[in-house]
Amino acid sequence: MFVLVEMIDTVRIPPWNFQRQLNEAVIEELNKKLANKVVYNVGLCICLYDIIKLEDSYIFPGDGASHTKVHFRYVVFHPFLDEILVGKIKYCSQEGVHVSLGFFDDIIIPPESLQQPAKFDEAEQVWLWEYETDEGAHDLYMDQGEEIRFRVADELFLDTSPTGPSTAAETPAAPGAVPAPEPELKKEAPYTLIAAISEPGLGLLSWWNN
């Protein structure tokens with residue numbers, strides 16, 4: 001679930017931190033820059049593990065800060081495919097079951113990856129498994145807050161870095177016209193895990209513990 005990733009970055013230390021030990025200042029700046037951030041195709045950065053090497057520091061004209069190239073290792077959340085994890089159901093929607101690990105919320109189990117047959121209860125806004133027994137079908141609900149064991153089936157990284165202004169030509173508004181409202185942009189997760197519980201032993205812990 002957690003991996004050590006070797007990285008290289010140039011760290012800028014402002015002049016008011018020159019009185020501190022270089023290692024301490026570098027650690028603070030790296031954690032400020034990376035902790036709880038998603039690095040594209042790497043994963044969710046948790047905390048600095050260690051510093052491998054500090055290269056020479058430079059001060060450039062017009063900038064009083066020092067710039068130091070740093071080789072370091074960072075603890076990153078990046079589970080491997082087919083890894084089994086346990087989380088809690090955050091909520092359900094038509095798109096599937098949304099799961100949280102506490103520190104990471106962007107996990108979804110799509111409908112086709114649930115225990116089958118499954119259906120969505122519109123009134124309760126929950127998914128349920130129509131579990132067949134000799135006595136007939138029993139509806140097993142996937143309620144919010146329940147612990148759930150799942151398999152990591154896929155991952156999706158999305159580049160959410162800022163883009164420049166649109167280059168499309170804009171038609172000037174007529175005099176006195178009310179400007180059109182800005183379109184609301186949907187915030188998308190930079191890193192999403194696609195999970196599955198369609199195998200025996202996976203799903204709510206309460207299903208298998210009873």
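By convention here, the first residue in the shown sequence is residue 1.
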Inset, instruction - Go through the steps to decide whether Val39 and Val76 satisfy the test side-chain contact (heavy atoms from CB on, under 4.5 Å), and finish with yes or no. - result: CA-CA 9 Å; Val39 175; Val76 173; over 6 Å; no
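- When Leu85, Ile194, Ile84 are each tested for a side chain to side chain contact (heavy atoms under 4.5 Å, CB included) with Val152, only one passes: Leu85.
- Asn31 contributes atom CG, which lies 11.0 Å from atom CG of Asn36 (distance to the nearest 0.5 angstrom).
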Inset, instruction - Take His78 and Val5, measure what side-chain contact (heavy atoms from CB on, under 4.5 Å) needs, and give me the verdict at the end. - result: CA-CA 10 Å; His78 189 178; Val5 178; over 6 Å; no
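- Outside the 6.0 Å centre-distance limit, the rings of Tyr58 and His67 are not counted as a close aromatic pair.
- Residues Ile109 and Leu128 do not share a hydrophobic cluster, clusters being chains of Ile/Leu/Val/Met/Phe/Trp/Tyr side chains in contact below 4.5 Å.
- Remark: Tyr141 OH to Ser206 OG distance equals 14.0 Å, nearest 0.5 Å.
- When hydrophobic clusters are built by joining Ile, Leu, Val, Met, Phe, Trp and Tyr residues whose side-chain heavy atoms come closer than 4.5 Å, directly or via intermediates, Ile108 is not grouped with Val97.
- Judged purely by atom type and a 3.5 angstrom limit, Glu146 has no side-chain atom pairing as donor or acceptor with the backbone of Asp143.
- Both Phe18 and Leu30 are assigned to one and the same hydrophobic cluster, defined by single-linkage of ILVMFWY side chains at heavy-atom distances under 4.5 Å.
- No donor-acceptor distance shorter than 3.5 angstrom exists from the side chain of Asp9 to the backbone of Val11, with no hydrogens or angles considered.
- Shown here for Ala195 and Ser113, the closest heavy-atom pair between the two residues is O-CB, 3.6 Å.
- With hydrogens and angles ignored, the 3.5 Å screen pairs a side-chain donor or acceptor of Trp127 with a backbone N or O of Ser93.
- When atom types are taken as modelled, the side chain of Gln115 and the backbone of Leu202 share a donor-acceptor pair closer than 3.5 angstrom.
- A donor-acceptor contact shorter than 3.5 Å links the side chain of Gln144 to the backbone of Lys90.
- Within the 3.5 Å criterion, the main-chain N or O of Val86 finds no donor-acceptor partner in the side chain of Glu147.
- With a 6.0 Å radius and a threshold of 12 heavy atoms from other residues, nucleotides or ligands, Lys37 has its NZ atom above the threshold.
- Between Phe77 and the choices Leu193, Val38, Val3, the side chain to side chain contact (heavy atoms under 4.5 Å, CB included) rule is met once, by Leu193.
- Between Arg73 and Leu48, the closest heavy-atom pair is O-CD1, 3.5 Å.
- Ring planes of Phe157 and Tyr191: parallel class, angle under 30° (limits at 30 and 60°).
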Inset, instruction - Report the C-alpha separation of Leu34 and Phe72 in whole Å, then their side-chain angles, then the decisive distance to 0.1 Å, and conclude whether the side-chain contact (heavy atoms from CB on, under 4.5 Å) test is met. - result: CA-CA 12 Å; Leu34 294 174; Phe72 59 96; 3.9 Å; yes
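- Between Gly64 and Pro15, the shortest heavy-atom distance links the atoms O-CG, 3.5 Å.
- Taking a 6.0 Å sphere around CD of Glu122, one finds it holds more than 12 heavy atoms contributed by other residues, nucleotides or ligands.
- Residues Val99 and Leu156 do not share a hydrophobic cluster, defined by chaining ILVMFWY side chains whose heavy atoms lie under 4.5 Å apart.
- Here CZ of Phe150 is found 4.0 Å from CD1 of Ile107. Values are rounded to the nearest 0.5 Å.
- Between Glu29 and Pro14, some side-chain heavy-atom pair lies under the 4.5 Å cut-off.
- Atom CD1 of Ile13 and atom CZ of Arg20 lie 8.5 Å apart (nearest 0.5 Å).
- Between the CZ atom in Arg12 and the OG1 atom in Thr68 there is a gap of 11.5 Å [rounded to 0.5 Å].
- Heavy-atom minimum distance, Tyr74 versus Ala35: OH-N, 3.3 Å.
- Across all their heavy atoms, Leu204 and Met142 have their closest contact at CD1-CA, 4.0 Å.
- The side-chain heavy atoms of Asp139 and Glu130, taken from C-beta on, include a pair separated by under 4.5 Å.
- Summarising the geometry of Ser57 relative to Leu22, their closest heavy-atom pair is OG-CD2, 4.1 Å, with the distance given to 0.1 Å.
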Inset, instruction - Could you walk me through whether Phe80 and Met1 pass the side-chain contact (heavy atoms from CB on, under 4.5 Å) test, one step at a time? - result: CA-CA 7 Å; Phe80 56 83; Met1 181 163 66; over 6 Å; no
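- A distance of 5.0 Å separates NZ in Lys69 from CD in Glu55, rounded to the nearest 0.5 Å.
- When atom types are taken as modelled, the side chain of Gln116 and the backbone of Leu114 share a donor-acceptor pair closer than 3.5 angstrom.
- Under a hydrophobic-cluster definition in which Ile, Leu, Val, Met, Phe, Trp and Tyr are linked whenever side-chain heavy atoms come within less than 4.5 Å, directly or via other members, Leu81 and Tyr40 are assigned to the same cluster.
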